[in-house]
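Throughout, numbering of the chain's residues begins at 1 and tracks the sequence.
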Amino acid sequence: MASTLPQIMQAFDRYYDAGKAVFGELSKKIRSKKALELEDQLFFIRVFLLVLDRANFKEKQRVNQSFGPFKELYKQLRKVQHIKMIQEGYDLHFGDNKGLYAEYGKAIAADKKSIYTHVYEIILSIPPQDWENLYNDVFQYAKGLSILTINTAMTQIINEEIEYFSFDAKTKLDPQSIHDIFKGIKKVTCLEKTRLNIGLNTIFTPLVHEQIILLEEEMVAWHKNQLLLQHLGNYLAKKEKVSKKYHAVLTQIQKTHRGLTQKIEDKCRQLFVKMLH
């Protein structure tokens, strides 16, 4: 069984090395593109540890603790992604009229600066040894695990995720449900890619994966709209009096929100039938 270790670690090494390298770059200067890359690498590492946790009956607590030094960083990197989406939504919906809403644009810029500063402080607080400890932990946990054991662990996690994808003609999605589905789909996609990297077949067909990609694209657009709606709503709620110029923009954003929600419901209905049967 030990002979499978290089195969398992090779899949991990790709993301670990990339994450560590980007982390080093961000310790010199925060850039949104690099921050989002690091978020992706840490997301994979979290999922990989989840698989090891499921496969490693004796070391469950320790496997879970290995990500501890990076937990807050991952949480704050998600905020970098969110403020980037809010900025993109602002550019999209306010368009050529942004000059009329310069005050709100400044509020977004202030939030962005605050988030970036906090992320940078967290990065500087994480010593290089934490990366080494993480790698050593993963190496130890992966020792002696067979590909069959890894396969079983991955299959169990994927099955647990899709159990929540129950859907029928009457199902209506609220924001929390869409958010949960998006997280589940992202985890399933990550596990399917990892399966290929260690020589296993994917669970779902290429057609299902094509539909997953289309659903993810719609969900990214929905999240951008949802985050802008929340951020703008919070911004206006702090004002004693809301200028009428915001009413038309809010109405348009809400209309777009309803349309995107309907598209996601339709695509979920089509996709989950194929995934569950």
Could you state whether Y141 and L148 fall into the same hydrophobic cluster, counting links through intermediate Ile, Leu, Val, Met, Phe, Trp or Tyr residues with side-chain heavy atoms under 4.5 angstrom apart?
-> no
Cut-off 3.5 Å, side chains only: do Y104 and H231 have a donor facing an acceptor?
-> yes
Less than 4.5 Å apart, any side-chain heavy atom of I8 and any of K143?
-> no
Could you give me the CA-CA distance, side-chain angles and deciding distance for E265 and T261, then say whether side chain to side chain contact (heavy atoms under 4.5 Å, CB included) is met?
-> CA-CA 6 Å; E265 286 178 358; T261 300; 3.9 Å; yes
Rounded to the nearest 0.5 Å, what's the gap from CG on L50 to CD1 on I157? Could you check?
-> 4.0 Å
Applying side-chain contact (heavy atoms from CB on, under 4.5 Å) between H209 and each of I212, T205, L207, I213, report the one that passes.
-> I212
D91-Q87 side chain donor-acceptor pair, cut-off 3.5 Å = yes
Shared ILVMFWY cluster between W222 and L214, side chains joined below 4.5 angstrom?
-> no
Q270-D266 side chain donor-acceptor pair, cut-off 3.5 Å | no
Can you tell me if D174 uses its side chain to pair, donor with acceptor, with the backbone of S177 under 3.5 Å?
-> yes
Side chains of N159 and E163: do they bring a donor and an acceptor to under 3.5 Å?
-> no
Return yes if a side-chain donor-acceptor contact under 3.5 Å exists between D13 and Y135, otherwise no.
-> yes
Same hydrophobic cluster for L100 and V242, using side-chain heavy-atom links shorter than 4.5 Å among ILVMFWY?
-> yes
Check against ring pair (Phe, Tyr, Trp, His ring centres under 6.0 Å), F70 and W131 | CA-CA 9 Å; F70 303 94; W131 282 95; 4.7 Å; yes
Please report the shortest heavy-atom distance between A221 and L260, naming the atom on each side.
-> O-CD1, 3.7 Å
Taking the side chain as every heavy atom from C-beta outward, state whether T194 and F12 have any pair of such atoms under 4.5 Å apart.
-> no
R195 versus N201, closest heavy-atom pair with distance = NE-O, 2.8 Å
For L134 and S66, the nearest pair of non-hydrogen atoms, with its separation, is CD1-O, 3.8 Å
What is the minimum heavy-atom distance between C268 and L173, and which atoms define it?
-> SG-CD1, 4.3 Å
Going by an N to O cut-off under 4.0 Å, is there a salt bridge joining K186 and E161?
-> no
Below 4.5 Å, heavy atoms only, C-beta onward: do T152 and R54 meet side chain to side chain?
-> no
Can you find a pair of side-chain heavy atoms, one from M154 and one from I150, that are under 4.5 Å apart?
-> yes
Please report the closest heavy-atom contact between Q7 and I198, naming both atoms and the distance.
-> NE2-O, 2.7 Å
Report yes if some heavy atom in the side chain of R46 is under 4.5 Å from a heavy atom in the side chain of L42; otherwise report no.
-> no
Might you confirm whether atom NZ of K75 has over 12 heavy atoms from other residues, nucleotides or ligands at distances under 6.0 Å?
-> no
Whether N225 side chain and I253 backbone form a donor-acceptor pair below 3.5 Å | yes
Residue pair Q226 / H257, side-chain donor-acceptor N/O under 3.5 Å = yes
Would you call E25 and R31 a side-chain contact if the rule is heavy atoms closer than 4.5 Å?
-> yes
Please determine, by modelled atom types, if Q140 and N136 share a side-chain donor-acceptor pair under 3.5 angstrom.
-> no
Taking every non-hydrogen atom, the tightest pair across P127 and S125 | CD-O, 3.3 Å
I185 reachable from L196 in the ILVMFWY side-chain graph, under 4.5 Å edges | no
Output, in order, the C-alpha distance, side-chain angles, deciding distance and verdict of ring pair (Phe, Tyr, Trp, His ring centres under 6.0 Å) for Y120 and Y116.
-> CA-CA 6 Å; Y120 189 62; Y116 278 39; over 10 Å; no
How about Y246 and Y101: are their ring centroids closer than 6.0 Å?
-> yes
Heavy-atom side-chain proximity of Y15 to D40 below 4.5 angstrom = no
Looking at CG of N151 and OG of S146, how far apart are the two atoms once the value is rounded to the nearest 0.5 Å?
-> 9.0 Å
Do E72 and Q76 meet the criterion of a side-chain donor-acceptor pair at a distance under 3.5 Å?
-> yes
Check the pair F182, V220 against side chain to side chain contact (heavy atoms under 4.5 Å, CB included), reporting the backbone distance first and the verdict last.
-> CA-CA 9 Å; F182 186 65; V220 168; 4.3 Å; yes
CD of Q10: more than 12 outside heavy atoms within 6.0 angstrom?
-> no
Any chain of hydrophobic side-chain contacts (each under 4.5 Å) joining F139 to L145?
-> yes
NZ of K187: more than 12 outside heavy atoms within 6.0 angstrom?
-> no
Test log, rule side chain to side chain donor-acceptor pair (under 3.5 Å), inputs N234 and Q230 = CA-CA 6 Å; N234 290 335; Q230 288 178 334; over 6 Å; no
Is it true that atom NZ of K244 has more than 12 heavy atoms of other residues, nucleotides or ligands lying nearer than 6.0 Å?
-> no
Ignoring hydrogens and angles, state whether a donor on the side chain of S114 or D111 is under 3.5 Å from an acceptor on the partner side chain.
-> no
Residue pair M219 / I181, side-chain heavy-atom distance below 4.5 Å | yes
Any Lys/Arg nitrogen of E132 or K20 sitting under 4.0 Å from an Asp/Glu carboxylate oxygen of the other?
-> yes
